[in-house]
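Shown next, in C-alpha cells, is the structure this report addresses.
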Amino acid sequence: MSSLKLGVEVVGAHDLLAKDGQGSFCPFVELEFDGQRCRTTTKEKDLSPVWNESFYFNVSDPNKLSSLPLEAFVYNHNKANNAKTCLGKVRLTAPSFVNYSDAVVLHYPLEKRSILSRAKGELGLKVFVTDDPTIKPSNPLPAMDPDVVPKSIPKEKNGKRHTFFLLPNAKQPQQQQQKVTPAPPQQQMNYGVHEMKSGPQASKAVNMFPGSSSQPFDYALKETSPFLGGGRIVGGRVIRGDRPTSTYDLVEQMRFLFIRVVKARDLPSKDATGSLDPYVEVKVGNYKGITKHYEKKQNPEWNQVFAFSRETVQSSVLEVVVKDKALVKDDSVGFVRIDLHEVPTRVPPDSPLAPEWYRLEDKKGEKKKGELMLAVWYGTQADEAFPDAWHSDAIAPGDSTSVSPTYIRSKVYHSPRLWYVRVNVIEAQDLVPADKSRFPDAYVKVQIGNQILKTKPVQTRNMNPIWNEEFMFVAAEPFEDHLTFTVEDHAGPNKDETIGRTVIALNSIDRRADDRFVRTRWYNLEKSLSDAMDSDRAKKDKFHSRLHVCVCLDGGYHVLDESTQYSSDLRPTAKQLWKSSIGVLELGILNADGLQPMKTRDGKGASDTYCVAKYGHKWVRTRTIVNSLNPKYNEQYTWEVYDTATVLTVGVFDNSQIGGSDNTRDNKIGKVRIRISTLETGRVYTHCYPLLVLHPSGVKKLGELHLAIRFSSTSMVNMMSQYSRPLLPKMHYKRPLSVIQQDILRHQAVNIVAARLGRAEPPLRREVVEYMSDANAHLWSMRRSKANFLRLTSVFSGLFSAGKWFGEVCTWKNPITTVLVHILFAMLVCFPELILPTVFLYLFLIGVWNYRYRPRYPPHMNTSLSCADAVSPDELDEEFESFPASKSSDIVRMRYDRLRSVAGRIQTVVDDIATQGERLQALLSWRDPRATTIFVLLCLVAAIVLYVTPFQMIALLAGFYVMRHPRFRHKTPSAPINFFRRLPARTDSML
C-alpha cells in the first residue's frame, strides 16, 4: 500500500445558513475522498463554528491522485428527528493538493448540492499531501444510515485534541468509532467569528497594423525557413523531410562525439616514491580536453564527459592519454586509441552506453599495466550528457586551459519563490530609555536583510507609544534572513539610542492566501541582538519592554520582480491558488549572425557569447560559444504557460569571465521580447531578430538572433476563458498596493532574485538579471517621455480623424457625403432601436476586413516607436547617467532647466483642463449670479419644451442645426460657446 496520504484540516465555517427556524443550528462537516469518509464534531447552535480538526486519508494509487476529488459536505444535525440536512459542499481537485510546507488555509464558498437546494457561507480548509510514515490515517466511518448523525465527544489527551463518536444504541461510551489524528505541530491561527470576517480594505494616423510600422530595413524583423529537426519550416508550417522526427524539432540537429572518462585502475607509477598524480587528456585532431588531476592516487575516478563537434573533427582516431602531473609534459603513463569509424551512434531515449575497460598501451602500441574505463558514442544535443559536458566549441584549437567549464555550460535556473511580508507596528509598552530624565522620542526600525523601513517618531509621557503603521517587505524561500524590530530613541541630531529589539524567524510567521484577519502578538524587547535571539535567556528575565505587532506572509499577491508591462508570470505566491496550465511554450535558440566584437584577443576582435531566456520562474542559459561572431547554439527549452498576457524575454550577452575582456561585467548585446498572446497556436515562428542596443552614442545593431518559437494550447476553452479573468490575483484588487509601494517592492525583489541566481553554479550575474528584468525602466528618460506622448496622440488620433471628418460633413465639403449622413441620421433617430445593432455590425465588418491585414510576425523592437532614431546626444547622455547625478553642475543645471520647460507645458495643459471643469461647476454655483440665472431659466424652458415635444423631433432639429449649411453659419463662435467661455473659473484665486 502506498504511504502517500492526503491531510485535511477543517478550520471553521462562516456565515452559514440557519435551517432550524431559530436563527442557528448544529453544524458538522463530512469529508469524502477515495472511498473513505470522516466526520468532525457537531457544534451546538453556532452559525460560525470553529473545529480546527485534522484528518488523513490513504491514497490507494498515487498515479490516480490527479483524478481523485475531495468533497466536504456541511450538514445540520436536527435533534428532533435525528436527521441531517445539507447546507452546501466544497469540491477540490488535484491543483489544491500541495505539499505541507506550501499549504495555507483557504476559505471556499459553499456550493449547492442540487439545483433546488440553497447554500450560503464559506468553509475554511487546509489541504496538503504528505508521505510521513509516522502519520496514521484516520479510521473511516462505519456503514450507517445517512440520516443518523453520531454524537461527538471531544477529549484532551497528552495535550492533543481527539474526537470520538457514539453511534445510536452504543452501550459503552468508551467505544471509539472515529479518531481524528492531530496535524503536525504548527502554530495554529484562531478563526473565530470576528477573525473569519474580512478585515479593513485597506498626430499620426492610427497604426492598425503594428507589424508594418516603418523603420530602417536593417532593423526590421525577417522571416526565415530553416531546416530543423522536424523538417523545413515554410510560412510557420512544418514540411516533413526524410529525416525522422526528434524531440528537439525546433533546432538544427548537431552531431557530437561524446567521450565519458569514468575511472582508471592499476596505473603504473614512474616516480621513485611510487606516487602518482594522474589526469587524462582527450585528443581529437587539433582539439583536446583535460580532466582534473588527483594527487597520489592509482585508482582515480573522474566521470567527466567531453563533447567534440563532428563538423570540426578532422581526424579518424581518438586518442586518450593518461598522464602524470609530476612528470615532464611530453611523457605519459599510457594511451588508448579508438578508431572513430567503429564508434556507435546513440539516439535518446536509448539507455546510456555502458562504459568499457580499455588496456593501456605505450607509444609503440604494446600493452602495459593499467586500464581505463571509457564510453564513446556519437549523439546530438538531445543527449542527456550534453548540458554537463566539456565542449570543444568553448575553446580555441590546441588550447585546453583557456576556459573553465564552470562558465561555459548550459544551465537551467529557477528563481526563488517570493513572498510579501506585511508588517503592522501597532504599539509598545513599558519602554525604558537610557536617559530617564526625558521622555523618549521613540520609533521602530523594521529590517529584513538589507530592507529597512522606519516608523515616524512618537513622543509619549506614559512610555507606551502608539504608531499603527504598516509596511511591506519581500522575502524569498528558503528564508535565510530574520525579521528584526528595533525600538530606538531619537535623542538628538545624529544620535539614536537603542531601547530594545526582537527577532522573529520568517518560518514561524502565519501565512495567508486572502485578506483574512491575522492575530496580533506581543514580543519582548531585549537590549542586544544576541539576547533577542536567545529565547532561554529571555525567559529568565522577569521584566521586559514589549512590542505589539501583526505580521503575516501574504501569499495571495503576485510578487512583481519585473516590469509590469513585460511580466512573464502573473500567478500568486500561494501554490493552492494556481490554476492549471493552458499551454506549452517551446523555444529553439538557433544561432546568431554578424555579431560585433566585444573584446580584443591576440590583436583581433572576438566575442564569447551566450543566450539567456526568461519566462516565469524558469531561467535558461545556453552554453558559451568562444571566439565566434556567428555562434550556433541549437538548444531547445520548454515552459508551461498559465496566462497568455505574458512575455518571453531572450537576451544575448558576452561572457566577461573569458580572457581578453577589460570589463568585469557581462556586456549586453541585445534582447528580444515576445508576447505570448500575439502567437497563433500550433504555428512555428522562425524569424531573425535584430539585436538593438541603445548606447550613449545612439542606437546600434550588434547582430541578429535566429529563434524558433511554438505555442501549443492544451485546452482551448481554458485559454479563451482567461480573457474574462482578472489579470492579477484577487488580493491586488481587494487590498491594492500603491504605485510607490510596487516600485520599491519590485526593486527589492529584483535584488533578491539577482543575489540568489548569482550564487548558482555557474552564476547568473547581477547585470544579466537586471537587464532581463528591466530594473531601470522607471528612471527618467526624455526620449522615453517623447515616445510615450507620441503613443498617446496615436491612440486618440482616430477620434481626431473622426472629428475632422465630421467637421467636413458640417461644412458641406462633400455635399453627397453630407446628404447621406443626413439621411442616415434621420433614419437612426426615427428608428432608435437600430443604433446599437448598426454600431456593432460596423465594428464586426471592420474586424473582418482587417483580418486580411493581420500581423504575420510577432512584435519586435521598433526604433521609430521608441524615438531612438532621432534622439539628441545630450538626451542619451542624460538617460545613461547614474542616479544620483554625477555630471558637472553646469550640465545638471541645463538639464534641470529643460525639464522645467517640459513640465511648464504639461502644467499649462493641466490648467486648461481644470479651467473647463470649473466652468462646468460654475453653471449652478452662483459664482456669476447673472450667468447662473440665465442657465437656470434656460433649463426651465428646456424642460417644458422637451416635455411637450417628441424627443425624436428635438434630436432631428439639433442634428440638422449642427450640420447646417455654411451660408447659415456665422464667422464668430456660436452663442452657447460664448456663454461657456464667459463663465468664471478659480484661476483668479491662484497665487
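Of all non-hydrogen atoms in A475 and L506, the two that sit nearest each other are CB-CD1, 3.8 Å. Residue M472 comes nearest to L745 through the heavy atom pair O-CD2, 3.4 Å, listed as atom of the first residue, atom of the second, then distance.
A donor-acceptor contact shorter than 3.5 Å is absent between the side chain of Q742 and the backbone of L560. The backbone N or O of N58 sits less than 3.5 Å from a side-chain atom of Q36, completing a donor-acceptor pair. W51 places a side-chain N or O within 3.5 Å of a backbone atom of T41 that can act as its donor or acceptor partner. The backbone N or O of T85 sits nowhere less than 3.5 Å from a side-chain atom of N78 that would complete a donor-acceptor pair. In this structure, the side chain of K120 does not engage the main chain of G88 through any donor-acceptor pair within 3.5 Å. One N or O on the side chain of D514 and one on the backbone of R516 form a donor-acceptor pair closer than 3.5 Å. Side chain of S138 to backbone of F55: no donor-acceptor contact under 3.5 angstrom is found. In this structure, T573 contributes its side chain and W419 its backbone to no donor-acceptor pair below 3.5 Å. Side-chain N or O atoms of Y637 include none that pairs as donor or acceptor with a backbone N or O of V412 at under 3.5 Å. Checking side-chain atoms of Y615 against main-chain N and O of V641 turns up no donor-acceptor pair under 3.5 Å.
Under the rule for a ring pair (Phe, Tyr, Trp, His ring centres under 6.0 Å), H558 has no partner lying at least two apart in sequence or in another chain. For H617, the ring pair (Phe, Tyr, Trp, His ring centres under 6.0 Å) test picks out no residue, with sequence neighbours left out. Residues meeting the side chain to side chain contact (heavy atoms under 4.5 Å, CB included) test with Q748, sequence neighbours left out: N450, Q451, V474, N751. Under the salt bridge (charged side-chain N to carboxylate O under 4.0 Å, His left out) criterion, E71 pairs with R91, sequence neighbours left out. The ring pair (Phe, Tyr, Trp, His ring centres under 6.0 Å) check on W578 picks up nothing, with sequence neighbours excluded. When the side chain to side chain contact (heavy atoms under 4.5 Å, CB included) test is applied to D643, the partners found at least two apart in sequence or on another chain are L570, A645, T646, Q722.
The pair D430-R546 fails the salt-bridge criterion, with no side-chain N (NZ, NE, NH1 or NH2) lying under 4.0 Å from an Asp/Glu carboxylate O. Ionic pairing of K575 and E477 is not present here: no N-O contact between side-chain nitrogen and carboxylate oxygen is shorter than 4.0 angstrom. Salt bridge present: R512 and D554 bring a charged side-chain N and a carboxylate O closer than 4.0 Å. Electrostatic pairing of K734 and D515 counts as a salt bridge here, judged by a charged N lying under 4.0 Å from a carboxylate O. Comment: R759 engages E480 in a salt bridge, judged by a side-chain N to carboxylate O separation of less than 4.0 angstrom.
With rounding to the nearest 0.5 angstrom, the CZ atom of F97 is 15.0 Å from the CG atom of D102. The CG atom of L65 sits 7.0 Å away from the CG atom of L6 when rounded to the nearest 0.5 Å. Between atom CG of residue N524 and atom OG of residue S545 there is a gap of 9.0 Å, rounded to the nearest 0.5 Å.
Annotation: side chain of R521 is in contact with side chain of D510 (closest heavy-atom distance under 4.5 Å). P572 places none of its side-chain heavy atoms less than 4.5 Å from the side chain of M731. Here the side chains of F479 and L553 are in contact, with some heavy-atom distance below 4.5 Å. The closest side-chain heavy-atom distance from L68 to D61 is not below 4.5 Å. Two residues are said to be in side-chain contact when any heavy atoms from C-beta on lie closer than 4.5 Å; T681 and M719 meet this criterion. Side-chain contact between W522 and Q429: present, with at least one pair of heavy atoms (C-beta onward) separated by less than 4.5 Å.
Taking the ring axis of Y75 as reference, the NZ or CZ atom of K84 stays within 45° of it and closer than 6.0 Å to the ring centre. Because its NZ or CZ atom is both nearer than 6.0 Å to the ring centre of Y100 and within 45° of the ring axis, K126 counts as a cation-pi partner of that residue.
Partner V8 forms a side chain to side chain contact (heavy atoms under 4.5 Å, CB included) with one of F57, F33, Y56 and no other, that one being F57.
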Take E30 and R39 through the test salt bridge (Lys or Arg N to Asp or Glu O under 4.0 Å) and record every step on the way to the result. CA-CA 4 Å; E30 204 170 86; R39 186 178 293 121; 2.4 Å; yes
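Side-chain polar atoms of E427 and H548 form a donor-acceptor pair below 3.5 angstrom. With no hydrogens or angles considered, no side-chain donor-acceptor pair links N99 and S101 at under 3.5 Å.
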